[in-house]
Amino acid sequence: MRYSLNGHIVADGDAPILRWWGIPASCPADIRGALAQNPEGEEFVLEINSGGGSVFAGFEMYSLLRNASRQGVHTRAEVQSLAGSAASVVMAGADTAAVSPVGQVMIHLPSTITEGNQGVHRESVQMLESITESIIAAYEGKVRGKTSHDALRRLMDRETFLSARAALDAGLVDEIIGEEPQPGEPVNPANIFNAVGGLPDMDKLRAAYIEATKSQSPEGKTPEARAGEPAAPEGAVFNLNTGAIAIAEAEAALQRARAEL
């Protein structure tokens, strides 16, 4: 069975109001009802086209998908255009997450509006930090170690839009619709260490270095390849998305390395 999650993600009580005004909206009750109608033994496919909305409504949808999986219903999320913010959390709740070649996954920090004295604002900050950890927990359950906790947090700090390929590399999605799954890579002997506390992940540091230096050069060359050539023009643009995951992982690895010194 296929079901579409479109528009704003909102609480059950708010959905009828938005729909009355002609504003597309989806709520947990929609997912609950669709799952109840899903024929026995049939895969439940959730088509996602949403920029997000209420974080708690998104959490409830995520939990409904995980519960369905525990009850033997295989769930699949297909991002057709955008799974942003709370919608990316819903996506992470599916057993299999797929994205269109032109789809985007956006992750960022939660936000709120607070009015009151210093104590009230401090409470809001604590609440937002707690919600951030819950969001990361959902992502970690999907990426299964492919992207670290710290790197996910850094990507959220930057409000990162991930292309289909970047989302696949991060582990947030399992496949790109229409592409055959690629085999895993062999073990790199250079990543076998014998050191107290381990060492920074050189593959990630190396990838971040290559991406950073290439993206700052119009010719796409590393500093070594540009030796003796004129410097890049002022204002050269750094393309964050091409190496966003590797850069976030590298920064996290460097931070951990400094903490261990």
Side-chain angles (χ1 to χ4, degrees), residues 3 5 9 26-28 30-32 34-35 38 43-48 50-80 82-100 103-110 127-177 181-182 184 201 204 244-246 248-249 252-253 256:
Y3 187 82
L5 189 162
I9 293 176
S26 298
C27 63
D30 298 334
I31 306 300
R32 194 183 301 274
L35 285 168
N38 192 63
E43 181 181 56
F44 180 77
V45 181
L46 184 64
E47 301 172 351
I48 299 178
S50 172
S54 164
V55 67
F56 292 114
F59 284 172
E60 186 175 351
M61 292 178 178
Y62 169 92
S63 299
L64 287 168
L65 291 176
R66 298 311 308 141
N67 184 59
S69 178
R70 287 191 293 270
Q71 293 179 358
V73 177
H74 187 271
T75 57
R76 175 182 172 89
E78 292 187 355
V79 180
Q80 298 177 331
L82 171 65
S85 192
S88 69
V89 175
V90 178
M91 175 198 75
D95 294 319
T96 303
V99 60
S100 163
Q104 291 274 319
V105 175
M106 187 275 279
I107 65 176
H108 66 173
L109 297 175
M127 175 195 68
L128 289 172
E129 286 295 340
S130 179
I131 291 172
T132 298
E133 287 301 312
S134 294
I135 294 171
I136 294 176
Y139 294 152
E140 284 187 301
K142 170 54 70 178
V143 303
R144 299 181 183 90
K146 203 169 182 181
T147 301
S148 70
H149 177 284
D150 292 343
L152 287 167
R153 173 59 191 256
R154 288 176 180 275
L155 292 170
M156 291 173 67
D157 287 344
R158 292 168 175 156
E159 187 169 89
T160 306
F161 280 79
L162 298 168
S163 66
R165 181 64 56 190
L168 181 66
D169 291 343
L172 287 168
V173 301
D174 304 295
E175 62 183 77
I176 297 175
I177 297 171
Q182 298 298 313
D201 190 322
K204 290 173 181 174
I245 303 157
E249 286 286 16
R256 289 192 295 271

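Small disclaimer: the values here were computed from a predicted structure and weren't measured. The figures that follow rest on heavy atoms only: side chains count, while hydrogens, waters and symmetry mates do not.
The closest side-chain heavy-atom distance from Glu159 to Leu109 is not below 4.5 Å. Put simply, the side chain of Ile131 reaches to within 4.5 Å of the side chain of Phe56, judged on heavy atoms. Two residues are said to be in side-chain contact when any heavy atoms from C-beta on lie closer than 4.5 Å; Phe161 and Val105 fail this criterion. Residues Met61 and Ser26 are in side-chain contact: their nearest non-hydrogen atoms beyond the backbone lie under 4.5 Å apart. Counting heavy atoms from C-beta on, the side chains of Leu46 and Thr75 never come closer than 4.5 Å. By the 4.5 Å heavy-atom criterion applied to side chains, Leu5 and Val90 are counted as neighbours.
Atom-to-atom distance recorded for Gln80:CD and Ser50:OG is 12.0 Å, nearest 0.5 angstrom. In this structure, the separation between CD1 on Ile176 and OG on Ser163 is 7.5 Å, given to the nearest 0.5 Å. Atoms CG and OG1, from Leu172 and Thr147 in turn, are 6.5 Å apart once rounded to the nearest 0.5 Å. With rounding to the nearest 0.5 Å, the separation of CD1 in Ile48 from CD in Glu78 is 9.5 Å. Here the CD atom belonging to Gln104 is positioned 7.5 Å from the CG atom belonging to Leu162, to the nearest 0.5 angstrom. Here the CG-CZ distance, from Asn67 to Arg32, works out to 9.0 Å after rounding to the nearest 0.5 Å.
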Q) Checking side chain to side chain contact (heavy atoms under 4.5 Å, CB included) for the pair Asn38/Val73: CA distance, chi angles, key distance, verdict? A) CA-CA 9 Å; Asn38 192 63; Val73 177; 3.8 Å; yes
(Q) One pair to check against side chain to side chain contact (heavy atoms under 4.5 Å, CB included): Ile136 and Met156. What are the steps and the verdict? (A) CA-CA 9 Å; Ile136 294 176; Met156 291 173 67; 3.5 Å; yes
Q: Run the numbers on Arg76 and Glu175 for salt bridge (charged side-chain N to carboxylate O under 4.0 Å, His left out), then give the verdict.
A: CA-CA 11 Å; Arg76 175 182 172 89; Glu175 62 183 77; 3.1 Å; yes
Q: Take Thr96 and His74, measure what side chain to side chain contact (heavy atoms under 4.5 Å, CB included) needs, and give me the verdict at the end.
A: CA-CA 8 Å; Thr96 303; His74 187 271; 3.4 Å; yes
Q: Tell me, with the steps shown, if Val79 and Met91 meet side chain to side chain contact (heavy atoms under 4.5 Å, CB included).
A: CA-CA 8 Å; Val79 180; Met91 175 198 75; 3.6 Å; yes
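Ile31 approaches Leu64 most closely through the heavy-atom pair CB-CD1, 4.2 Å. Scanning all heavy atoms of the two residues, the minimum distance from Ser134 to Phe59 falls at CB-CZ, 3.7 Å. Of all the heavy atoms in Ala252 and Asp150, the pair that sits closest is CB-CB, 3.5 Å. Minimum heavy-atom separation, Gly58 to Val89: O-CG1, 4.5 Å. Considering every non-hydrogen atom in both Leu82 and Gly51, the closest pair reads CD2-CA, 3.8 Å. Of all the heavy atoms in Leu65 and Gly93, the pair that sits closest is CB-O, 3.6 Å.
Ion pair Arg153/Asp157 flagged as a salt bridge, since at least one NZ, NE, NH1 or NH2 atom sits closer than 4.0 Å to an Asp/Glu carboxylate oxygen.
Counting only N and O atoms by type, the side chains of His108 and Ser85 include a donor and acceptor under 3.5 Å apart.
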Output a table of donor-acceptor pairs, distance under 3.5 Å, between side-chain atoms of residues 137-145 and any protein atom two or more places apart or on a different chain; print 'none' if there are none.
| from | atom 1 | to | atom 2 | distance (Å) |
| --- | --- | --- | --- | --- |
| Tyr139 | OH | Ser88 | OG | 2.5 |
| Lys142 | NZ | Ala94 | O | 3.0 |
| Lys142 | NZ | Asp95 | O | 3.3 |
| Lys142 | NZ | Asp174 | OD2 | 3.0 |
| Arg144 | NH1 | Lys142 | O | 3.2 |

